[in-house]
Amino acid sequence: QVQLVESGGGLVQAGDSLRLSCVASGRTISIYRMGWFRQAPGKEREFVAAISSSGRSLNYADSVKGRFTISRDNAKNTVYLQMNSLKPEDTAVYYCAADPNIYYSSSSRDYDSWGQGTQVTVST
């Protein structure tokens, strides 16, 4: 498994932007699909965005489409989630996930490595 550490969360106001980073160690992620998931208090973990190992294929949850952008820099073993036009309903702990497969997936069951999460809080 690969170790993942997320950063970049924080407290922002509605309409602001944040960029989350996920740094991997232990293995090169160049052959890993990567994903971002989130979990709000009292809710189940949900899919946010995913990217194939090459970075050419992307997938987003409908709730974030047009506002969030997932990207990766395999040379830096890092995946990013640019979040724009944040809304209070985006408040959650955001998790990075990885799996040694070249195709993206929106299912949490398809990922075998997870970070500890970073808190994102969006106020009105």
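Residue indices begin at 1 and follow the sequence shown. Values reported hereafter were calculated over all heavy atoms of this structure, with side chains retained and with hydrogens, waters and symmetry mates removed.
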Report task. With sequence neighbours excluded, give me every ring-ring contact (aromatic ring centres under 6.0 Å, His included) pair touching residues 67-112. Result ->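 The answer is Phe37-Tyr111.
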
Once side chain to side chain donor-acceptor pair (under 3.5 Å) is applied, do any residues pair with [X], and if so which ones, sequence neighbours excluded?
{"X": "Ser52", "result": "Ser54"}
{"X": "Gln119", "result": "Thr121"}
{"X": "Ser21", "result": "none"}
{"X": "Ser30", "result": "Thr28"}

Taking salt bridge (charged side-chain N to carboxylate O under 4.0 Å, His left out) as the definition, give me every residue that meets it alongside [X], ordered by chain and number, with sequence neighbours left out.
{"X": "Lys43", "result": "none"}
{"X": "Arg27", "result": "none"}
{"X": "Arg38", "result": "Glu46, Asp90"}

To the nearest 0.5 Å, how far apart are [atom1] in [X] and [atom2] in [Y]?
{"X": "Leu18", "Y": "Gln82", "atom1": "CG", "atom2": "CD", "value": "8.5 Å"}
{"X": "Thr91", "Y": "Leu86", "atom1": "OG1", "atom2": "CG", "value": "8.5 Å"}
{"X": "Arg33", "Y": "Ile51", "atom1": "CZ", "atom2": "CD1", "value": "13.5 Å"}
{"X": "Arg109", "Y": "Asp99", "atom1": "CZ", "atom2": "CG", "value": "13.0 Å"}

Query - Within one Ile-Leu-Val-Met-Phe-Trp-Tyr cluster: Ile29 and Val5, side-chain cutoff 4.5 Å - result: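 Different clusters: Ile29 never reaches Val5 through Ile, Leu, Val, Met, Phe, Trp or Tyr contacts under 4.5 Å.
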
Query raised in the report: Side-chain heavy atoms under 4.5 angstrom apart, residues restricted to Ile, Leu, Val, Met, Phe, Trp, Tyr: same cluster for Val12 and Val64?
Result: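 Yes; Val64 is reachable from Val12 via cluster members.
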
Query raised in the report: Which pairs, with at least one residue in residues 2-20 and sequence neighbours excluded, count as a side-chain hydrogen bond (donor to acceptor under 3.5 Å, both in side chains)?
Result: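 Every side-chain hydrogen bond (donor to acceptor under 3.5 Å, both in side chains) pair that includes a residue of residues 2-20, provided the two are not neighbours, is Ser17-Asn84.
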
Considering non-hydrogen atoms only, spot the tightest contact between [X] and [Y] and give its length.
{"X": "Asn59", "Y": "Ser106", "value": "ND2-CB, 3.8 Å"}
{"X": "Ala98", "Y": "Met34", "value": "CB-SD, 3.4 Å"}
{"X": "Ser105", "Y": "Ala50", "value": "O-CB, 3.3 Å"}
{"X": "Ala92", "Y": "Ala40", "value": "CB-N, 3.8 Å"}
{"X": "Thr118", "Y": "Leu20", "value": "CG2-CD2, 4.0 Å"}

Report task. Please collect all disulfide (SG to SG under 2.5 Å) contacts where either partner lies in residues 12-46, sequence neighbours excluded, each pair once. Result ->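 Every disulfide (SG to SG under 2.5 Å) pair that includes a residue of residues 12-46, provided the two are not neighbours, is Cys22-Cys96.
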
Query raised in the report: Going by heavy atoms in the side chains, are Pro100 and Tyr32 under 4.5 Å from each other?
Result: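 The answer is yes, as the side chains (C-beta and beyond) meet within the 4.5 Å cut-off.
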
Query raised in the report: Can you tell if the side chain of Met83 reaches within under 4.5 Å of the side chain of Trp36, non-hydrogen atoms only?
Result: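 Of all side-chain heavy-atom pairs linking Trp36 with Met83, none is under 4.5 Å.
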
Query raised in the report: With sequence neighbours excluded, what pairs up with Ala49 under the side-chain contact (heavy atoms from CB on, under 4.5 Å) test?
Result: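 Counting only residues at least two positions away or on another chain, Ala49 forms a side-chain contact (heavy atoms from CB on, under 4.5 Å) with Tyr60, Ile70, Leu81.
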
Report task. Sequence neighbours left out, what passes side-chain contact (heavy atoms from CB on, under 4.5 Å) with Glu44? Give chain and number order. Result ->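 In terms of side-chain contact (heavy atoms from CB on, under 4.5 Å), with neighbours along the sequence ignored, Glu44 is linked to no residue.
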
Under 3.5 Å, side chain of [X] to main-chain N/O of [Y], donor-acceptor pair present?
{"X": "Asn74", "Y": "Ser53", "value": "yes"}
{"X": "Arg67", "Y": "Ser85", "value": "yes"}
{"X": "Asp73", "Y": "Thr78", "value": "no"}

Query - Intermediate values then yes/no, side-chain contact (heavy atoms from CB on, under 4.5 Å), Asp112 and Gln1 - result: CA-CA 7 Å; Asp112 66 357; Gln1 289 187 341; 4.2 Å; yes

